[in-house]
Protein chains: 2
Amino acid sequence: MKNKIPICREESIGEYVEEVKAKLPSDERIIELSEFLEAFSDSSRLKILLALSFHELCTCDLSEVTGLSVSAISHQLRVLRDKKLVKYRRDGRNVYYSLDDEHVAEILEIAQKHVAERE
Amino acid sequence: MKNKIPICREESIGEYVEEVKAKLPSDERIIELSEFLEAFSDSSRLKILLALSFHELCTCDLSEVTGLSVSAISHQLRVLRDKKLVKYRRDGRNVYYSLDDEHVAEILEIAQKHVAERE
DNA sequence: TTCATATTTGAACAATTGATCAAATGTGTA
DNA sequence: TACACATTTGATCAATTGTTCAAATATGAA
């Protein structure tokens with residue numbers, strides 16, 4: 001009679017399960033990670049991040065550059081601000097945004113490499 | 001009387017708008033990019049990718065490691081397969097998955113660095 | 001063949017998301 | 001002060017997402 005508790009656990013590879021489980025970051029950490037990476041998952045936000053990787057721009061500039069409404073831009077900038085992906089400074093009536101994290105540009109570059117190599 | 005057509009365009013920084021617009025990848029390319037990066041935006045998928053960054057695992061192993069149902073895992077694996085982030089091989093009744101792209105591990109590492117530095 | 005295990009699939013549904021619109025707020029100029 | 005421009009905010013709503021459940025498919029063993 002077979003051991004009933006585990007499934008697909010007689011396989012040699014199954015031994016790695018405990019090992020991998022131990023190496024995996026905590027659930028809280030994984031949620032933090034996914035919240036950071038979620039910022040890149042929408043094409044509007046991605047467009048904003050790509051634009052800011054070239055130059056600091058104000059809300060209105062970003063609207064012009066991306067073709068999105070000012071309101072839509074502002075809503076997404078709020079998300080990016082909350083996640084600390086962009087920083088901003090006010091100059092008169094304008095608010096200028098720029099990337100707040102070296103890692104953002106790195107991820108944008110790797111992703112572009114990935115897509116370029118896949119075609 | 002002021003020029004009425006553009007807005008916030010008299011600012012010196014506004015000059016960069018055309019420049020950035022020219023540098024920005026095409027809309028199609030940006031959508032490709034966001035579809036790739038979207039794979040990282042959900043904590044379940046991220047957990048799967050992190051687990052696979054340590055070792056090749058079968059669907060059932062992944063269920064055990066992540067605590068998600070086999071069905072949920074399988075649905076997400078389909079997404080990751082379609083996006084070519086994981087590859088798989090069948091061995092008997094099991095299907096073993098592994099990362100299919102060096103860039104995936106790179107992005108996982110940068111994101112982890114980012115979260116670690118922010119705390 | 002029949003049975004057990006592993007995996008995939010499709011439907012259904014709650015939860016989340018991103019855009020739009022209208023209204024409010026902030027700032028500089030006359 | 002009043003006015004114009006820049007930005008933010010809140011409500012609404014259609015569209016998308018991820019999970020669950022049940023059923024189907026795939027493979028190996030008896």
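Protein chains get the first letters and strands the later ones, always in sequence-line order, with residue 1 at the start of each. Note: hydrogens, waters and symmetry copies are ignored here, and every other heavy atom, side chains too, is used. This one's a predicted model, so the numbers in the text were calculated from it and none came from an experiment.
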* Expressed in angstrom and rounded to an integer, what is the separation of A:Arg89 atom CZ from D:dT7 atom C1'? -> 15 Å
* Shortest side-chain distance from A:Ser74, nucleotide among C:dT9, D:dT9, C:dT7 -> D:dT9
* **B:Glu102, CD: over 12 other non-hydrogen atoms inside 6.0 angstrom** => yes
* **Ionic contact status for A:Glu32 with B:Arg118, cut-off 4.0 Å** => no
* What does B:Tyr88 touch in the nucleic acid at a heavy-atom separation under 4.0 angstrom: a base, only the sugar-phosphate, or nothing? -> nothing
* Look at the side chain of B:Ser44 and the base of D:dT19, then say whether one donor and one acceptor between them are separated by less than 3.5 Å. => no
* Asked: Taking only side-chain nitrogens and oxygens of A:Tyr96, does any of them come within less than 4.0 Å of OP1 or OP2 of D:dT7?
  -> no
* Asked: Over how many whole Å does the gap from A:Arg78 atom CZ to D:dT7 atom P extend?
  -> 16 Å
* To do: Round to the nearest Å and state the distance from B:His75 atom NE2 to D:dT17 atom P.
  => 14 Å
* Structure fact -> Considering only heavy side-chain atoms of B:Arg81, the closest of C:dT9, C:dT20, C:dT7 is C:dT9
* Does some side-chain heavy atom of B:Tyr16 sit less than 4.5 Å from a side-chain heavy atom of A:Glu56? -> no
* Asked: Closest nucleotide of DNA chain D for B:Ser71 versus for B:Val79: which of these residues is on the 5' side?
  -> B:Val79
* Give a yes or no on whether B:Phe54 atom CZ has more than 12 heavy-atom contacts from other residues, nucleotides or ligands under 6.0 Å away. => yes
* Would you please confirm or rule out a distance under 4.0 Å between OP1 or OP2 of D:dT27 and any side-chain N or O of B:Asn94? => no
* Heavy atoms under 4.0 Å, any strand shown: does A:Thr59 hit a base, just sugar-phosphate, or nothing? -> sugar-phosphate
* Asked: The side chain of A:Arg93 lies closest to which of these nucleotides: D:dA4, D:dT7, D:dG28?
  -> D:dA4
